[in-house]
Amino acid sequence: QVQVTESGGGLVQAGASLKLACTASGLNFDQYAMGWFRQAPGNEREAVSCLSWSGGSPYYADSVKGRFAISKDKAENTLYLQMNNLAPEDTAMYYCAMGFGAAVAGLCPPSLFDHWGQGTQVTVSS
C-alpha cells in the first residue's frame, strides 16, 4: 500500500524559509513523477513544482520561480521543497503527490498524480 506523508510546514514571517519533506513508501521511487501542490481556502489546487519520473528539468509555477527548489533523495524515498523568501501569498496547505510514469513537460496537472498525502500547512505572516 502506497503511503505519502508530508512534514515541515509551520507559521513563519514574510522573508523566512521553510523546507518541506515528503516520504513515500510502498512504491518504486524511480517509476514515479513527484510533485508539490498547494491549495488556499477558496482556491483550486495548483502545482508548485514537479519532477518527471524520467528526470529532466523541474516544473515551477511562475509565482515561485527563483524562490523554491525541488529535490529528491532516492536512498531515503524522500522529496523536498526548499522555500525561500516566503510571502503571505504562499500561505496554503501544501500537498505532496506521486504519479506512476507521469511525464511533466511544461505543465503539471494534478490529474497526473495517483497518490496524495494529507498535506502540511504553511502560513506566512506579513
Verdict with supporting geometry, Y94 and Q39, side-chain contact (heavy atoms from CB on, under 4.5 Å): CA-CA 7 Å; Y94 282 70; Q39 187 167 19; over 6 Å; no

Stepwise side-chain contact (heavy atoms from CB on, under 4.5 Å) test for D73 and L79: CA-CA 6 Å; D73 183 334; L79 180 72; over 6 Å; no

Contact between [X] and [Y] at the side-chain level, heavy atoms closer than 4.5 Å - yes or no?
| X | Y | result |
| --- | --- | --- |
| I70 | Y60 | yes |
| W53 | Q31 | no |
| L20 | V122 | yes |
| M98 | D114 | no |
| C96 | W36 | yes |
| F100 | Y32 | yes |
| V2 | S25 | no |

Partner set under side-chain contact (heavy atoms from CB on, under 4.5 Å) for W116, not counting sequence neighbours: F37, R45, Y95, A97, P110, F113

Any residue meeting side-chain contact (heavy atoms from CB on, under 4.5 Å) with K19, in chain and number order, not counting sequence neighbours: Y80, Q82

Salt bridge (Lys or Arg N to Asp or Glu O under 4.0 Å) partners for E46, two or more places apart: R38

Exercise: do S17 and N84 side chains pair donor with acceptor under 3.5 Å: yes

